[in-house]
Every structure is written in C-alpha cells, then in structure tokens.
Number of protein chains: 2
Amino acid sequence: MRTDVDTDTDQVSLAVSTVIFALRPHPTTGRTTLWLPLVRRIREPYEGRWALPGGPLRPDEDLAASARHTLERTTGLAPRHLEQLYSFGAVDRSPEDRVVSIVYWALVRPDEDARATDGENVEWFVADDVRGLAFDHDTILRYALARLRAKITYSPIAFAFVTPEFTLADLRAVHEAVLDRSLDPANFRRQVLASGTVTATGSYLTGTSHRPPALYRRAALPEEIR
Amino acid sequence: MRTDVDTDTDQVSLAVSTVIFALRPHPTTGRTTLWLPLVRRIREPYEGRWALPGGPLRPDEDLAASARHTLERTTGLAPRHLEQLYSFGAVDRSPEDRVVSIVYWALVRPDEDARATDGENVEWFVADDVRGLAFDHDTILRYALARLRAKITYSPIAFAFVTPEFTLADLRAVHEAVLDRSLDPANFRRQVLASGTVTATGSYLTGTSHRPPALYRRAALPEEIR
DNA sequence: ACAAAAGTGTTCGGGATACACCCATGG
DNA sequence: CCATGGGTGTATCCCGAACACTTTTGT
C-alpha cells in the first residue's frame, strides 16, 4: 500500500486508444460488414499480438486530439465521427505497470479508407471475428461494437459511413451492415425522411439498371444530438 | 513538444471525481428534487470554491473503487448505484498542471443520506441551482444531470433512490422528482408492472389515510441492462 | 417486354396518453 | 360519509412492421 501519492504519481500512466470502424465487404460472404485496423505490438508486454491503436497522452494535447493523432498515424485519415467510448482502468489490465486507457471510437468512410494502405504492422480485420487481442482489448472491442449497434438505431451516425451525397439505399445499406439484418426499404425511407436529417439535392443518380434514385445530403442540424 | 514520454509521465496526473445525487425536499417549494454534496477547496487553485469530491487515482485501486472511497470519505455511505460518466481532459481545465478526471456518478437513498452529516467543508446543494464551481465542474454537473434524466426514462435506476421495499407511488415520486414533472399514476403503474422489474411482496403499507398500497421489491433481473 | 430497384399507399397491432371510474382506508 | 390516494378499465392516438402496388430506368 502506497502512501506517498503526491510525490510518486508516475506509477499510473494514461493512454488514449481508438477503435476505428469502416465498412468493407466480407471476404467470404461478400456482404458489407464492419472492419477495423489493428496494430501489431513490437515489444513486451504482448509482443507480436494485435492491439488497438493508441499511445500515451501528451501533456499538450486534448483527449480527442490524441485519438485523432493515433488514427492519423494508423490509417492516414481524419475520422468523420469521433466519440469517447469509455475509460478502462482495472489494476491488472496490464502486467507489471498500471495503465489507464481512455478509449475513443471512430467511423471512417469506405471511399476514404481505400486510401489507407496497410502498413507493415497494421492490418484490417473483420470486427466480429477478432479474438485474442493484447491486454483487455477484446472486451473493449465488444463494448465498442455493442455501442455502435445500439447508437445507430437512435442517432444519425450512419452519415459518417457515406459520401456527402448519397441515396437512401446507401444509407440503408449502412444500417443493414452494422445491424447485420435487412431492413424494409419503404419503412426505412419514411423514417429517415420524417427525421428531418436529410435534404434532397434535386439531382438523381444515373447509370443504374433501374429507376434513378434521388440524391440526398445531410441536413443542417437545428438541434445537435450527441 | 515533449519527446521523452516514457521517462516523464508525471506531467499528466489522473483524478477520479464523483457526482453524488440524492433526493431531498426543495428548501422553498418543498417539492422533492435532486441534491448533491460538494466540498470546499482548501488550497489553490480555486481555493474556497466548491468542487466535486474527488482525488488522485492510487496505483492499487480500480477506477470505481477510487470513486467509492471518495464517496465514503464525503458522505460516509456506500452508493446503491455507481457508474462511469465521462472523462474530462481538456488541456486548460486546470491552471498550471495537467489533470485528466475520470468522473463517476452515484445515487444514494434518502434514508441513507440522512446519516450523512455535513462536515465542515462539505455541504449539500440543490443540483439545478449550483453555479460557479471550481475547474470545469459546472460542465460536468450539467452533463451528469442530463445523463441521469435521460437514463431514468429507459433504465431501472430509480430503485437506487428507494428503500428495498417500496410502493409504486414511491417509485413514481422518484421519477417525478428527477424529471421535474408529474406522471399519470395509472399509466406509470402499468409500465412498471409490464417491465417485470418489480415483484409484489404480498404485504401492504398500513397507516396511511387511504387505501393501503401494495409493497413491492426489485425483481431478480434475468438480463442486466447497463 | 422484363427485371430490378425506387417510391407510394394501406392495413394491422402494440404501446403511450388521457381520463373516467371503482376500491379501501382514516378521520 | 367524505377525502385521499390506490388501483382498474377503456378510448384514442401515434408509430413501427408488413406488404401490396405503382413508377422509372437499363437491357
């Protein structure tokens, strides 16, 4: 039991990690699903294991800024959605030293993540298939997945996964990929239009082998919903 | 810009603070409302100002354990509900030094908090009237209040405010106090009973000047809802 | 003409709301 | 017997789910 807390504060270190989600086709089924980039640890503990990208918090940067730096280092891209997930601080979550991790989660667009080439120690995985991560990162990933799937049902975060102009089918495909079930096109359309979160651009997407769908843009939000 | 992160980690210190809510009658209106205990700062920065109870995280204790210790020191009581709220880490939230605070929020019962005598530097305040706290604690308190009011509508956290055996009127009073509006007794009853979160004890509360209300207990939860 | 997806209309059922009304106790 | 809250019944509205049906393009 320590008593000299004030003179010995460096025993607890603080890290910021990020769960980065993107949508890509599943390697076997072809259905669009959630992927995330992981980094291979190059030193102990858990050397050689995959882990969430992260790093120590610098004294001169905010928590979200730290998460953005991590994401930039990993994928080379700026997230369209970045949000604090939870803080994990169990005493034994890291062997030897004591580390508290403040975890963020981010969403990036498929057209963006195409530019993100895998580095030598960075690789993308199907989120639901990931197991055996370093530290308590399995737990963190499950938690992030649950949060994403819950939040997409009541919050307009699906926009982070589509291009600035999109069809309602695009938006529906995002929901279907995240929730892993099909949704009624008619009802989905009505719900989205009724929510007032989209505005029609007036133009239509041509080149499809069927009726051209209307293009929409995200509406200027009168009241921000966290 | 620092580069020797590993050898100089004590520049960012980590604290755990707790927003503790209890229900008490409002001093002027008499209506039951939310109160919380605050501690007066006895040193700089913000000396003399009121602040949320908290303290540095010890290397040997988990985050929630740290919050419990703080709460025990302040009110002398164990919370019936303790939950992580959010982590605040803006660079300028504390002058001079850099402090990241992981904030928890707790709910205590009125019959418990009666035993919590105010210390010389501890005082209870009406939550909605509090302003001018130290650091960014005003922001934190607003955030906690919003979270509590949102969460009570879809999660059975009201039990944390009532005794083990309670009438449905007791439970309704909690909701009304937190949301600050009256609820239809008939509909409230049906919703609670339909939710399956309560079980009738079979006994009734006597001594009232009207029909004796049935007493209920919290049901054993088949599926925990966070 | 046909396929395929866009887009519209309609029905059905469950849950929330509002409110009338009866029940059981103390005074 | 009256006041007071406990407790039940019920009509209404709204919203989501299900699904039939029309529209508009490419091939």
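Note: hydrogens, waters and symmetry copies are ignored here, and every other heavy atom, side chains too, is used.
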Between B:Tyr204 and B:His210, who's closer to the 5' end of DNA chain D by nearest nucleotide? B:His210
At a heavy-atom distance below 4.0 Å, what parts of residues 162-175 of chain A sit against DNA chain D?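 Listed by number, there are none.
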Give me the residues of residues 181-195 of chain A where at least one heavy atom lies under 4.0 Å from an atom of DNA chain D, by number, or none. A:Asp184, A:Ala186, A:Asn187, A:Arg190, A:Gln191
Of the candidate nucleotides C:dA6, C:dA24, D:dG7, which contains the atom at the shortest distance from the side chain of B:Pro212?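 Taking heavy atoms from C-beta onward, the closest nucleotide is C:dA24.
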Describe the nucleic acid contact of B:Thr206 in one word from base, sugar-phosphate, nothing, applying a heavy-atom distance below 4.0 Å.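 Result for B:Thr206 = nothing.
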So, [X] and [Y], do they make that salt bridge, N to O below 4.0 Å?
{"X": "B:Arg40", "Y": "B:Glu120", "value": "no"}
{"X": "A:Arg49", "Y": "A:Asp138", "value": "no"}
{"X": "B:Arg149", "Y": "B:Asp180", "value": "no"}

Could you tell me how far apart B:Arg211 (CZ) and C:dC21 (C1') are, to the nearest whole angstrom?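 Whole-Å distance recorded here is 13 Å.
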CG of A:Leu205 versus C1' of C:dA4: gap in Å, rounded?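 Taking atom C1' of C:dA4 as the reference, CG of A:Leu205 is at 15 Å.
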Have [X] and [Y] got a donor and an acceptor in their side chains that come within less than 3.5 Å?
{"X": "B:Ser87", "Y": "A:Ser87", "answer": "yes"}
{"X": "A:Thr139", "Y": "A:His137", "answer": "no"}
{"X": "A:Ser101", "Y": "A:Arg93", "answer": "yes"}

Row check, A:Trp50 ring normal vs A:Arg41 NZ/CZ: under 6.0 Å, within 45°: no
So do B:Asp129 and B:His26 actually touch side chain to side chain, heavy atoms under 4.5 Å? yes
